[in-house]
Amino acid sequence: MKELPKAYDFRGLEEKWYRYWEEQGYFRPKLDPRKPKFCVVIPPPNVTGSLHIGHALNNTIQDILVRYRRMDGYDVLWLPGTDHAGIATQNVVERELAREGKTRHDLGREAFLQRVWQWKERFGNRIIEQLKRLGASCDWSRLRFTMDEGLSRAVREVFVRLWEEGLIYRGDYIINWCPRCHTALADIEVEHKPIAGNLWYIRYPLTDGSGEVVVATTRPETMLGDTAVAVHPEDERYRNLIGRKIKLPLIGREIPIIADKSVDPEFGTGAVKVTPAHDFADFEMARRHNLPFVKIMDENGRMTEEAGPYAGLDRFEARKKVVADLEAQGFLVKTEDYEVMLGHCYRCDCVVEPLLSKQWFVRMKPLAQPATAAVENGFIRLVPEQWNNLYFDWMYKIRDWCISRQIWWGHRIPAWTCQDCGKTIVVREDPESCPECGSKNLRQEEDVLDTWFSSALWPFSTLGWPEKTEDLKAFYPTSVLVTSFDILFFWVARMIMMGLHFMGNIPFRTVYIHALVRDEKGQKMSKSRGNVIDPVVMIEKYGADALRFTLAALAAQGRDIKLSESRIEGFKHFVNKIWNAARFVLMNLEDYEPRELKSEALPLPSRWILSRLQKTIQKVRDRLEAYEFDQAALAIYHFFWHEFCDWYVEASKLYLREGGEAKRLAQNVLLHVLETSLRLLHPFMPFVTEELWQALPHEGQSIMVAPYPKVEEKFVSPETEKEMDLVREVVVAVRGIRADYRLHPTRKLPVVILTSEESVKEVLREHSPLIELLAGTEALQIEVSGERPRGAASVVLTEAEVFVPLANLVDVAQEIKRLSKEKEKYSKELARVRARLENPNFIEKAPEEVVTKEKIRAEELTEKLKRLEENLERLKEIET
RNA sequence: GGGCGGAUAGCUCAGUGGGAGAGCAUCGGCCUUACAAGCCGGGGGUCAGAGGUUCGAAUCCUCUUCCGCCCA
């Protein structure tokens, strides 16, 4: 057997094994019809992206699920890909152009798109390479991109069908406009943030000169586009003014005073200005009252001709000038400080502008209804289920989805307008002439589709739809989607809608929604805060296994992850622990011969560790099934470190030393438990487990295609565990005395154990060599109802008493103090238990097993106390 | 303003009706040939506050305070 280096060094190993797995084709499904299928589609990262810690968590979880299922006998497909990320990618390339002093308009549409493709070819694979370093076992032979040919065909098919079904329409509506990205945004692409602003009170005179109405506004410049003033119909203050007319200051337009229930009488003066072309609520109000729409601001955020003297001004300059003019002309009543919630572009963070424009929309209600029902009826399960409420809320009040974007990088909308007869043509193949009038003078829509339009099709477009492919048949619906809540609506809800509509079936059965990764103080990680933990740096520093295990161990459901580098370092110690345990086993495999493990032939510690292993396997499987990755990870951690290493490896030294058959059996058990643990750990730590597994005697080509451990009932034994617990208790008791008296670890201590049970005596006698090894004792004496040794330190256990007779070493006063403290603890406990038992209501109403348990406890405590008191008496005799 | 989540050891968090737990940190002792990235032992908590339900509450209900997130 080769000897391993003293410390685990992951450098070089990770690349080596990843290449091996890929070459062996383990990442590809076998398409074996006899095997159950398991499929996960990756949430496609942006091509512009590089791996951040959120990706690391997201993909670690997916890889754990996927490796687990693959080992457990499923035919597994984890389908990877990237997203073309319209606005983000276009921004990146435009910035590059800007450095050359050019704009995309200098290049023109065709050349610009070529340039983006070039950029994608050069840099778009970075995140894929980073995912490989994390260990992601994706089937790279099926790598997709939202703009590739197949997916573009799917997008086109979906668009045309929705148009034919009347679910897509085009029209003039108010939308969120980003003046910097120069495009429309969907409602959910807007982030609302509080901004310190003002509330201006403006005097609007009545046309007949009989008075005035004061309105309050946070956006005075939009008054140029006012087409009404509105009040609440039941507002006594204004009731007599309804229907009368106002002369708009600065530009003199006459506008009516209307009554509308949406007006909040509490806001400002209770009278509000109505600007239908530049405010969402006003837009709705204008439609109800047939008010005209006056567009005073354009797509660049500049004032239009409609703004009269303000035409050409930037929106912020216009505000200043309007306020100044109002003040100069005596229309400004007062100015208050006011915090406004302003929409910001989720891509570039600049203030978005509600704007009236011609856009394409998808009707959401008919699509949302079945998507809501799918979750309500449990066809799709959200985990943790607390997200259901949020999902339903959003689905119930869903509004039509603005899908057109005024950018170039994306799927161009397949709609043409006949320049002669005005017909709109939406077809699967590019048209040559107008089907209505035969004209060849057609113009294609300039806009492209929202990026999320193509990602909404991801679970079936990536499998080959609209073709009827083998993959689609085998893997749709997919099994699990792993994502974070911030794209629940952007993406998940839309996939459900599109999946149901076009596949007639849900896209996935389960949606696992994981936490957000924050820094150690609970703040979001961001470049500007300078608190980002770069997963690639962490991988280089601590290894991918340590990073993965940390993320898994911290991934408790329903709570954000507070990550700090020290946690990763901590779990790297665990990786090293595993390494050294394997190193120990390998160093002791001399003369190894395989044996079939039979419980009855094994000593107590071996039977114990095998039983504990089964419990651990069960727990890990259960927790994985429940998506409780932290619990699964911690179960292995605890078993491996604190049961296998702390107890079994130590105990095994007894048998290894003994030699012969005892040694053979111990070697077999060590190897069995280690090898099984490695398989159990593999989904969490693929690299170190492979390296060690390959170094051990094994069957098969790779741990990643070895079977996932199953519980072997024949090794489960509660009696064995109880016996071993007794031995461990005795060992811990002796160690405690050793520590209290500062006795050197190598000093052998004499020990006397007293018990009233013959069976306890038998167990301890049988395992006295083990106790001597683990506790560092000698001349172990075990008696039933024997004489207490004089001048001994003692510990009272439930079934036995442990004495270390050290006449000249025992500090009697200190020992009395120690025992008195123990006594006090038990007395309090006993008093509580007795009080409970003396309560007739408790005896009567509590379940019987609880009462029985309490009674046993009372007996045990009484017995322990009695012995403690006797020991105290003995000590006091010496003292006097 | 509406909704959701959280408050348990110094820190991060498990625990969801019947003996307050883990990891890390800390303290004491050990270089005991797998591992000092380690081993052994210990200390540390009116489970945010107040009321209620119950034989019994960290756990269920109500209110309060504070923190986070989402929506308007």
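Small disclaimer: the values here were computed from a predicted structure and weren't measured. Numbers restart at 1 for each chain; the letters A, B, ... are given by sequence-line order, proteins then strands.
For CG of Asp264(A), the number of neighbouring non-hydrogen atoms (other residues, nucleotides, ligands) closer than 6.0 Å is greater than 12. The number of heavy atoms from other shown groups lying within 6.0 Å of CD (Glu778(A)) is above 12. Atom NZ of Lys823(A) sits in a sparse spot, with 12 or fewer heavy atoms from other residues, nucleotides or ligands closer than 6.0 Å.
Not a single donor-acceptor pair under 3.5 Å links the side chain of Arg612(A) to the backbone N or O of Glu721(A).
Tyr391(A) has its OH atom 25 Å from the P atom of C69(B), to the nearest Å. Between Ile737(A) atom CD1 and G29(B) atom C1' the separation is 16 Å, expressed in whole Å. We find that CD of Gln631(A) is positioned 6 Å from P of G15(B), with the value rounded to whole Å. The distance between atom CH2 of Trp579(A) and atom P of G38(B), rounded to the nearest whole Å, is 17 Å. Between the NZ atom of Lys853(A) and the P atom of G17(B) there is a distance of 14 Å, rounded to whole Å. Atom NE2 of His192(A) and atom P of A72(B) are 5 Å apart (whole Å). As rounded to whole Å, 9 Å separates atom C1' of G38(B) from atom CG of Asn580(A). Here A72(B) presents its P atom at 14 Å from CG of Asp279(A), a figure rounded to the nearest Å.
Both Ala7(A) and Lys397(A) sit near RNA chain B, but only Ala7(A) has its closest nucleotide nearer the 5' end. For the pair Thr746(A) and Glu628(A), nearest-nucleotide mapping onto RNA chain B gives the more 5' position to Glu628(A).
Note on Arg747(A): every side-chain N or O is 4.0 Å or more away from OP1 and OP2 of G29(B). Phosphate proximity of G23(B) to His638(A): absent, as no side-chain N or O sits under 4.0 Å from OP1 or OP2. Between Tyr637(A) and the phosphate of A14(B), there is no side-chain N or O to OP1/OP2 separation shorter than 4.0 Å. His573(A) has a side-chain polar atom (N or O) that falls below the 4.0 Å cut-off from OP1 or OP2 of G38(B). Of the side-chain N and O atoms in Lys6(A), one or more sit less than 4.0 angstrom from OP1 or OP2 of A36(B). Between Lys653(A) and A34(B) there is a side-chain N or O to OP1 or OP2 distance below 4.0 Å.
Classified by interplanar angle (parallel below 30°, tilted 30° to 60°, perpendicular above 60°), the ring pair Trp579(A)/Tyr8(A) is tilted. Relative orientation of the Phe574(A) and Phe549(A) rings is tilted, given thresholds of 30° and 60° on the angle between their planes.
Taking the P atom of each, G28(B) and A34(B) are spaced 27 Å apart, rounded to whole Å. Using atom P as the reference point in both U59(B) and G38(B), the two lie 37 Å apart (nearest Å). Taking the P atom of each, G56(B) and G43(B) are spaced 32 Å apart, rounded to whole Å. Between A20(B) and U33(B), the distance separating the two P atoms is 41 Å to the nearest Å. Between C40(B) and C4(B), the two P atoms lie 47 Å apart (nearest whole Å). Spacing of C1' atoms, G6(B) relative to A14(B), comes out at 14 Å, to the nearest Å. With C1' as the reference atom, U12(B) and G17(B) are 27 Å apart, rounded to whole Å. Comparing G5(B) with G41(B), their C1' atoms are spaced 40 Å from each other, to the whole Å.
The stretch residues 833-847 of chain A participates, sequence neighbours left out, in these salt bridge (Lys or Arg N to Asp or Glu O under 4.0 Å) pairs: Arg836(A)-Glu854(A).
Under the 6.0 Å cut-off for aromatic ring centres, Tyr637(A) and Phe684(A) do not qualify, their centroids lying 6.0 Å or more apart.
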Output side-chain donor-acceptor pairs under 3.5 Å for residues 730-740 of chain A, partner residues at least two apart or in another chain, one line each.
from      : atom 1 : to        : atom 2 : distance (Å)
Arg735(A) : NE     : Leu774(A) : O      : 3.3
Arg735(A) : NH2    : Leu774(A) : O      : 3.3
Arg738(A) : NH1    : His744(A) : O      : 2.8
Arg738(A) : NH1    : Arg747(A) : O      : 2.8
Arg738(A) : NH2    : Arg747(A) : O      : 3.4
Arg738(A) : NH2    : Ala775(A) : O      : 2.8
Arg738(A) : NH2    : Gly776(A) : O      : 2.9
Asp740(A) : OD2    : Arg818(A) : NH1    : 3.2

Listing, residues 393-401 of chain A side-chain donor-acceptor contacts under 3.5 Å, not counting sequence neighbours, or none:
from      : atom 1 : to        : atom 2 : distance (Å)
Tyr396(A) : OH     : Glu376(A) : OE2    : 2.6
Arg399(A) : NE     : Asp187(A) : OD2    : 3.4
Arg399(A) : NH2    : Asp187(A) : OD1    : 3.4
Arg399(A) : NH2    : Asp187(A) : OD2    : 3.3
Asp400(A) : OD1    : Met364(A) : N      : 3.1
Asp400(A) : OD2    : Tyr169(A) : OH     : 2.6
Trp401(A) : NE1    : Asp450(A) : OD2    : 3.0

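The CG atom of Leu726(A) sits 9.5 Å away from the OG1 atom of Thr798(A) when rounded to the nearest 0.5 Å.
For the residue pair Asp646(A)/His642(A), the side-chain donor-acceptor check at 3.5 Å is satisfied.
Between Lys825(A) and Glu822(A) there is a salt bridge, since a side-chain N of the basic residue sits under 4.0 Å from a carboxylate O of the acidic one. Asp725(A) has no carboxylate O lying under 4.0 Å from a charged side-chain N of Lys722(A), or vice versa, which leaves the two without a salt bridge.
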Starting at the 5' end of nucleotides 39-46 of chain B, put B wherever the base has a protein heavy atom under 4.0 Å, S where only the sugar-phosphate does, and a dash everywhere else. SSS-----
Contact letters for nucleotides 54-61 of chain B, in which S counts primed atoms plus P, OP1 and OP2 and B counts the base, heavy atoms under 4.0 Å: -B------
Would you write out the dot-bracket form of RNA chain B, 5' to 3', with Watson-Crick and G-U pairs under 3.5 Å, [ ] for crossing pairs, | for pairs to other strands and . for unpaired bases? ((((((((.[[[[.)..(..]]]].(((((.......))))).....[[[[[..)....]]]]]))))))).
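Checking A37(B), G19(B), C69(B) against every side-chain atom of Glu854(A), the shortest atom distance belongs to G19(B).
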